[in-house]
Amino acid sequence: MILLSIIYVLTPESEQQLIQTAQRLSGITLGDLAAQLGIAVPENLNKEKGWIGLLLERALGASAGSKPLPDFPELGIELKTLPIDRDAKVLETTFVSVAPLTGMSGVTWQTSHVKNKMAKVLWVPIISERQLPVAERLICTPFLWQPNPEEEALLQADWQELTDMIVLGEVEKINGKYGEVLQLRPKAANSKAKTKAFDKNGRPFQTLPRGFYLKTGFTQQLLNRHLRVN
DNA sequence: TACTGATCATTT
DNA sequence: AAATGATCAGTA
């Protein structure tokens, strides 16, 4: 008798189906998953930092490519892997979206990329300690999250503060310390990458592209809630 | 050891 | 160049 593959290669047709498939991945290693998908596992992630995210996208049937859409457009769900250690401590910040530095007149929280990306997220925690070989890293129980009013208020406040600074031409004054739960940091190929922004006199200049990231304390709380529930 | 700034691959 | 997927790694 042949075991049914736990791998889902077609796009899920419902939220429940997606969650069910994700749940069936929990408890298996990245090496096992990659083998079933016929994908080679890198020695480390130095040159393939997004490898785990792409692996999970394929396993769950996310729409391929780098389109400006949620991973599961029909379901309005974004997929995020969450690196944790064996004690369920979050190890990294979570990239949300690139930060527009121009053409933001009229942009509000309601229409922001941050709000829309974080509207509904399927989090897949991965025990991903650096010392652990990539193939041995372990997929944990996924959970679907929608920001509650308090969480959304936190995100909105930080987004507003950071966006206001950008609009005022103070983007280069921003560092990772700003924001309680959401920060603005470089998001680029290297420190020489440039994109257009405006200075405080409204004059265009070239600066490092930035992105919004969720701080680890925030994602840690989301995870803790679900650990208590489960 | 936590955190911020730097960096890597791929696709459009 | 900008979007997708993130983690690396030096230093405070």
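The shown structure was predicted, so the numbers you read here are calculated from the model rather than taken from an experiment. Letters A, B, ... mirror the listed sequences (proteins, then strands); counts begin at 1.
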Could you state the atom-to-atom distance from CZ of F95(A) to C1' of dA9(B) in whole Å? 14 Å
Classify the nucleic acid contact of T81(A) as base, sugar-phosphate or nothing, counting any heavy atom under 4.0 Å across all strands shown. sugar-phosphate
Checking side chain to side chain contact (heavy atoms under 4.5 Å, CB included) for the pair I84(A)/C140(A): CA distance, chi angles, key distance, verdict? CA-CA 10 Å; I84(A) 61 175; C140(A) 301; 4.2 Å; yes
At 4.0 Å (heavy atoms only), tell me whether L208(A) reaches a base, stays on the sugar-phosphate, or touches nothing. sugar-phosphate
Check the side chains of N224(A) and Q220(A) for a donor-acceptor pair under 3.5 angstrom, ignoring hydrogens and angles. yes
For the side chain of E78(A), starting at C-beta, report the closest nucleotide among dT7(B), dG5(C), dC8(C). dG5(C)
Under-4.0 Å salt bridge between K120(A) and E15(A): yes
Face-on cation placement of K187(A) at F95(A) ring, 6.0 Å and 45° thresholds: yes
Earlier contact from the 5' end, DNA chain B, for G50(A) and K177(A): K177(A)
Rounded to whole Å, NZ of K117(A) lies from P of dT4(C) at a distance of 4 Å
Taking only the side-chain heavy atoms of L54(A) (C-beta and beyond), determine which of dA6(B), dT4(C), dG5(C) contains the nearest atom. dG5(C)
Answer yes if the side chains of Q160(A) and D164(A) hold a donor-acceptor pair under 3.5 Å, and no otherwise. yes
I174(A) vs I166(A), test: side chain to side chain contact (heavy atoms under 4.5 Å, CB included). Steps then yes/no. CA-CA 9 Å; I174(A) 301 174; I166(A) 294 170; 4.1 Å; yes
Is A193(A) touching bases, backbone alone, or none of the nucleic acid, heavy atoms closer than 4.0 Å? nothing
More 5' along DNA chain C: V96(A) or R137(A), using each one's nearest nucleotide? V96(A)
Are K215(A) and E180(A) within salt-bridge range, i.e. N to O under 4.0 Å? no
d(CG, L79(A); P, dA6(C)) in whole Å: 6 Å
Spacing of Q183(A) atom CD relative to dT7(C) atom P, expressed in whole Å: 14 Å
For E129(A) and R86(A), indicate whether the former's side chain and the latter's backbone hold a donor-acceptor pair under 3.5 Å. yes
Rounded distance in Å - CG (L69(A)) to P (dT4(C)): 9 Å
Nearest-Å distance, CD (Q220(A)) to P (dC3(B))? 11 Å
Among dT4(B), dG5(C), dT7(B), which is the nearest nucleotide to the side chain of S191(A)? dT7(B)
On DNA chain B, does the nearest nucleotide to A189(A) precede the nearest nucleotide to E92(A) from the 5' side, or the other way round? Give the residue. E92(A)
With a 4.0 Å cutoff (strictly under), does any side-chain N or O of R130(A) reach OP1 or OP2 of dT7(C)? no
How long is the line joining CG of L91(A) and C1' of dT7(C), in whole Å? 10 Å
Selected nucleotide, minimal atom distance to Y213(A) side chain, candidates dT7(B), dG5(C), dA6(C): dA6(C)
If only side-chain N and O atoms of K80(A) are considered, is one of them under 4.0 Å from the OP1 or OP2 phosphate oxygen of dT7(C)? no
Looking at W123(A), W145(A), F143(A), which hits side-chain contact (heavy atoms from CB on, under 4.5 Å) with L223(A)? F143(A)
At under 4.0 Å between heavy atoms, what does P209(A) touch on the DNA or RNA strands: base, sugar-phosphate, or nothing? nothing
dC8(C), dA3(C), dC3(B): which one has an atom nearest the side-chain heavy atoms of T216(A)? dC3(B)
Within residues 38-49 of chain A, those residues having any heavy atom closer than 4.0 Å to DNA chain B are N46(A), K47(A), K49(A)
Would you call E92(A) and K49(A) a salt bridge, taking side-chain N to carboxylate O under 4.0 Å as the test? no
Rounded distance (Å) that lies between atom P of dA9(B) and atom CD1 of I52(A): 16 Å
Strictly distance-based, threshold 3.5 Å: is any side-chain N or O of Q183(A) a donor or acceptor partner for the main-chain N or O of Y213(A)? no
Identify whether any heavy atom of K89(A) sits under 4.0 Å from a base atom; if not, whether one sits that close to sugar-phosphate; answer base, sugar-phosphate or nothing. sugar-phosphate
When you measure from every atom of DNA chain B, which of residues 163-176 of chain A have a heavy atom less than 4.0 Å away? N175(A), G176(A)
Going by modelled atom types, is there a donor-acceptor pair between the base of dG5(C) and the side chain of K187(A) at under 3.5 Å? yes
